[in-house]
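Below, chains carry the letters A, B, ... as their sequence lines are ordered, and counting in each starts from 1. As a basis for the values below, the full set of heavy atoms in this structure was taken, side chains included, without hydrogen atoms, waters or symmetry mates.
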There are 2 protein chains.
Amino acid sequence: MKMKLYNVAYSGNSYKVRLLLHQLGIPCAIIEVDILKGESRTPGFLKINPNGRTPVLDDDGFVLAESNAILAYLAQGTRYLPDDRRRWALVFQWMFFEQNSHEPFIAASRFWLMHKPDNPERADVLAAKRESGWAALQVMEEHLAKNDFFVGGYTIADIALFAYTHVAHEGNFPLDDFPKIRAWIERVKAQPGFIPI
Amino acid sequence: MKMKLYNVAYSGNSYKVRLLLHQLGIPCAIIEVDILKGESRTPGFLKINPNGRTPVLDDDGFVLAESNAILAYLAQGTRYLPDDRRRWALVFQWMFFEQNSHEPFIAASRFWLMHKPDNPERADVLAAKRESGWAALQVMEEHLAKNDFFVGGYTIADIALFAYTHVAHEGNFPLDDFPKIRAWIERVKAQPGFIPI
């Protein structure tokens with residue numbers, strides 16, 4: 001296969017890419033990286049991504065990091081990234097929102113809860129992420145009160161936001177008070193080619 | 001003027017947009033938002049951007065938030081965003097890196113140092129951002145050891161990263177040990193149409 005994905009099975013950022021690849025019908029070799037064993041910080045991996053993060057896509061030798069940049073790369077020219085100049089820009093608006101206002105709080109809380117049970121800083125780290133995490137979900141809830149998807153139809157903006165939102169409860173952000181988000185989650189799950197994390 | 005920018009004068013995120021607008025020769029009305037007085041959280045502003053953040057561009061009624069999405073919108077079809085599919089994707093890779101691995105640490109440290117002198121949480125917040133801030137600068141330094149700009153010639157990836165890097169010392173991240181970054185800063189400042197923050 002010409003495409004390879006350096007992947008973390010439980011990571012929402014990696015899942016975004018696997019989901020879009022599946023929906024596009026693109027075969028891809030999966031290379032699992034055990035970040036808990038430091039495999040994303042080895043000299044070999046840092047040659048692939050000097051930022052030491054996953055996922056990383058290798059498309060026949062072209063190496064690309066940052067989950068949402070990978071989504072954009074794969075979605076170019078497909079219905080998952082609209083051509084219309086304004087809709088196109090709004091897709092990126094929501095993907096930057098995801099990486100700056102959502103993922104650092106909700107994904108990071110999930111990671112600490114799942115993988116750092118004994119870390120003495122855990123309670124403080126989690127507490128510091130509460131307010132911003134809830135705020136991000138509130139922004140999504142209000143948008144979804146008036147829209148079925150984030151930008152017109154289903155796009156990579158939905159994929160980017162779905163990845164950590166549908167498992168937000170695992171970061172102690174249960175969605176009980178967010179009925180519009182819960183309905184949107186069901187709409188995403190009903191898309192052709194959907195696969196679970 | 002058909003274009004309006006909701007702007008914070010000292011913010012790197014707002015400056016990114018002003019810099020590109022100037023380099024593109026696009027006139028734009030500047031509407032200053034005093035975020036320290038809560039002006040980005042008023043009901044009126046939340047109608048413009050429900051996420052309560054600046055900058056926001058209003059292009060003849062089309063409203064777009066997220067600084068790097070605004071850069072991409074304005075740069076479409078110009079030399080600041082390459083057409084080549086791989087270079088295009090790498091521009092987004094670096095812009096997502098900026099919003100996830102750089103801005104939350106370096107920009108946020110600068111904000112706390114500039115604007116929250118008496119906050120009791122200040123020392124803890126700043127301490128928590130040191131390691132990740134230095135790591136982001138190290139990734140940039142290594143890339144710039146082999147490249148004049150982030151992706152081929154000068155692009156919006158450089159604008160996105162320049163905004164807070166060239167004032168990193170104001171966040172207590174002095175660039176003394178980053179000679180390649182300092183040389184790149186001079187190359188950015190030498191670009192046609194450059195304006196200071």
Inset, instruction - Is it possible for you to say whether B:Val8 and B:Leu46 belong to one hydrophobic cluster, with membership spreading through side-chain heavy-atom contacts below 4.5 Å? - result: no
Acceptor/donor pairs from residues 147-163 of chain A side chains to any protein atom, 3.5 angstrom cut, sequence neighbours excluded:
unit_1   : atom_1 : unit_2   : atom_2 : d
A:Asn147 : ND2    : A:His143 : O      : 2.7
A:Tyr154 : OH     : A:Gln23  : OE1    : 2.7
A:Tyr154 : OH     : A:Gln23  : NE2    : 3.3
A:Thr155 : OG1    : A:Ala157 : N      : 3.1
A:Asp158 : OD1    : A:Phe150 : N      : 3.1
A:Asp158 : OD1    : A:Trp184 : NE1    : 2.9
A:Asp158 : OD2    : A:Thr155 : N      : 2.9

Legend entry - residues 88-118 of chain A: residues contacting chain B (heavy atom under 4.5 Å, by number): A:Trp88, A:Ala89, A:Leu90, A:Phe92, A:Gln93, A:Met95, A:Phe96, A:Phe97, A:Gln99, A:Asn100, A:Ser101, A:Glu103, A:Pro104
Inset, instruction - Give a yes or no on whether B:Leu74 and B:Ile31 share a hydrophobic cluster (residues Ile, Leu, Val, Met, Phe, Trp, Tyr; joining criterion: side-chain heavy atoms under 4.5 Å apart). - result: no
Legend entry - Winner by heavy-atom pair count (cut-off under 4.5 Å) against chain B, out of A:Glu142, A:Arg53, A:Glu121, A:Gln76: A:Gln76
Inset, instruction - Examine A:Arg85 relative to B:Tyr73 and say whether NZ or CZ is less than 6.0 Å from the centre of the six-membered ring and inside a 45° cone about the ring axis. - result: yes
Legend entry - Connected via hydrophobic side-chain network under 4.5 Å: A:Tyr164 and A:Tyr10: no
Inset, instruction - For atom CG of B:Asp83, decide whether the heavy atoms of other residues, nucleotides or ligands shown that lie under 6.0 angstrom number more than 12. - result: no
Inset, instruction - Return yes when atom CZ of A:Arg182 has more than 12 non-hydrogen atoms of other residues, nucleotides or ligands closer than 6.0 Å, and no otherwise. - result: yes
Inset, instruction - Find the one option among A:Asn51, A:Asp59, A:Val63 whose heavy-atom pairs under 4.5 Å with chain B are most numerous. - result: A:Asn51
Inset, instruction - Select, from B:Ile70, B:Leu64, B:Val139, the one with the greatest count of heavy-atom pairs under 4.5 Å involving chain A. - result: B:Leu64
Legend entry - Atom group of B:Leu71 that falls short of 4.5 Å from chain A, counting heavy atoms: neither
Legend entry - Choice from B:Ala65, B:Gly52, B:Ala72, B:Ala135 maximising heavy atom contacts with chain A below 4.5 Å: B:Ala65
